[in-house]
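No experiment lies behind these values; they were computed from the predicted model shown. Letters go in sequence order (proteins before strands), and every chain restarts at 1.
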2 protein chains.
Amino acid sequence: MSHTHVHESQDQLKAALDTLKQTGVRITPQRHAILEFLVESMTHPTADDIYKALEGKFPNMSVATVYNNLRVFREVGLVKELTYGDTSSRFDFVTTEHYHVICEECGKIVDFHYPGLDEVEQLAAHVTGFKISHHRMEVYGTCAECSQKDLH
Amino acid sequence: MSHTHVHESQDQLKAALDTLKQTGVRITPQRHAILEFLVESMTHPTADDIYKALEGKFPNMSVATVYNNLRVFREVGLVKELTYGDTSSRFDFVTTEHYHVICEECGKIVDFHYPGLDEVEQLAAHVTGFKISHHRMEVYGTCAECSQKDLH
DNA sequence: TTATTACTTTATAATCTTTATAAACAGTGT
DNA sequence: ACACTGTTTATAAAGATTATAAAGTAATAA
């Protein structure tokens, strides 16, 4: 992990904590830890992933606390909830807009930047009469590692 | 409902039954009814919607049967499973490629045709090294009816 | 036809994720 | 110290989906 990356994480965490302060949400040790984990984990964890990752630091923390706080974070716009085909939601710390590419074999999720598809939203609005607020897109396929494995 | 529409539904159902024959999947009364419902319903029903809709015709049908057969249909490519934020999956009979526009207030789902976003898939493949198979996109907003209601 | 086999449905239980509830706890201000 | 509000914990409940075993049904072969 590069130095700039570490600094970015710290800055993002600090900015997130500021957001909480400004919106009047208390910064508890659990909330701090959940946010920290979300910012630093390059994965897109489930609520249970987070719960397990923090049970060392907070042996008494309840699963409900994880869910409660993920909801709070979502409400103030700090995290996005991703609902894919698999059973449980995944949570993504919001930085810049991006899409996801998902490996259908191993489940890996890779961030993927692409200019916003404004044109699609406009056409949708025109055709359906909806007021459009946003969209989501995921691209599915097989990652390089799994493609390699499949050869053998 | 126009005459052509009825014919389309019948043709689609017949084609679906053919697919089942060709793939060696038995056509049971329950499967026939579930397929028929999926083809004719303009909605995007949940497993429970289907279960409830058919309990008149099949008072003894089990929920498991609905789930089992939706999985079978999905495996042979006749239906797509849509997983949105809400609790349960929705099932969409596969006709032509299309996207969905979803009302965030009432949950209505409207089909929306747009040329395939091949370019996005190509860029994703190039940037991530994935072999891309497909993508999904949903557009979210407020439908005309709910927009009207919001004014009052 | 009969026996055998594989597939399907039913009924039910189990699992898993998420939410609800109530009691205990912690921080803030009076 | 006291009251007030928000938070966490522990636990139960809800809801969706899957697993299991028994019974039923269709297809096949002897």
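A:R31 has a side-chain polar atom (N or O) that falls below the 4.0 Å cut-off from OP1 or OP2 of D:dT8. For D:dG6, neither phosphate oxygen OP1 nor OP2 lies less than 4.0 angstrom from any side-chain nitrogen or oxygen of A:T28. The side chain of B:Y67 contributes no N or O atom lying less than 4.0 Å from OP1 or OP2 of D:dT18. When the side-chain nitrogen and oxygen atoms of B:R71 are compared with OP1 and OP2 of D:dT17, none of them lie within a distance under 4.0 Å. Distances shown here put a side-chain N or O of A:S89 below 4.0 Å from the OP1 or OP2 atom of C:dT18.
Between B:F112 and A:H126, the ring center distance fails the sub-6.0 Å criterion. A centroid separation of 6.0 Å or more is found between the aromatic rings of A:Y140 and A:H100.
Taking five base pairs at each end of the helix from C:dT1-D:dA30 to C:dT30-D:dA1, the local helix axes there meet at an angle of 10°, rounded to 10°.
Using a 3.5 Å distance cut-off with no hydrogens or angles, the side chains of A:Q12 and A:T95 do not pair a donor with an acceptor. With no hydrogens or angles considered, no side-chain donor-acceptor pair links B:D49 and B:H44 at under 3.5 Å.
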Decide yes or no on salt bridge (Lys or Arg N to Asp or Glu O under 4.0 Å) for A:E81 and A:R90, but give the supporting numbers first.
CA-CA 6 Å; A:E81 184 171 355; A:R90 293 163 176 283; over 6 Å; no

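At the heavy-atom level, A:N69 lies under 4.0 Å from the strands shown only through sugar-phosphate atoms.
Between the base of C:dA11 and the side chain of B:S62 there is a donor-acceptor pair shorter than 3.5 Å.
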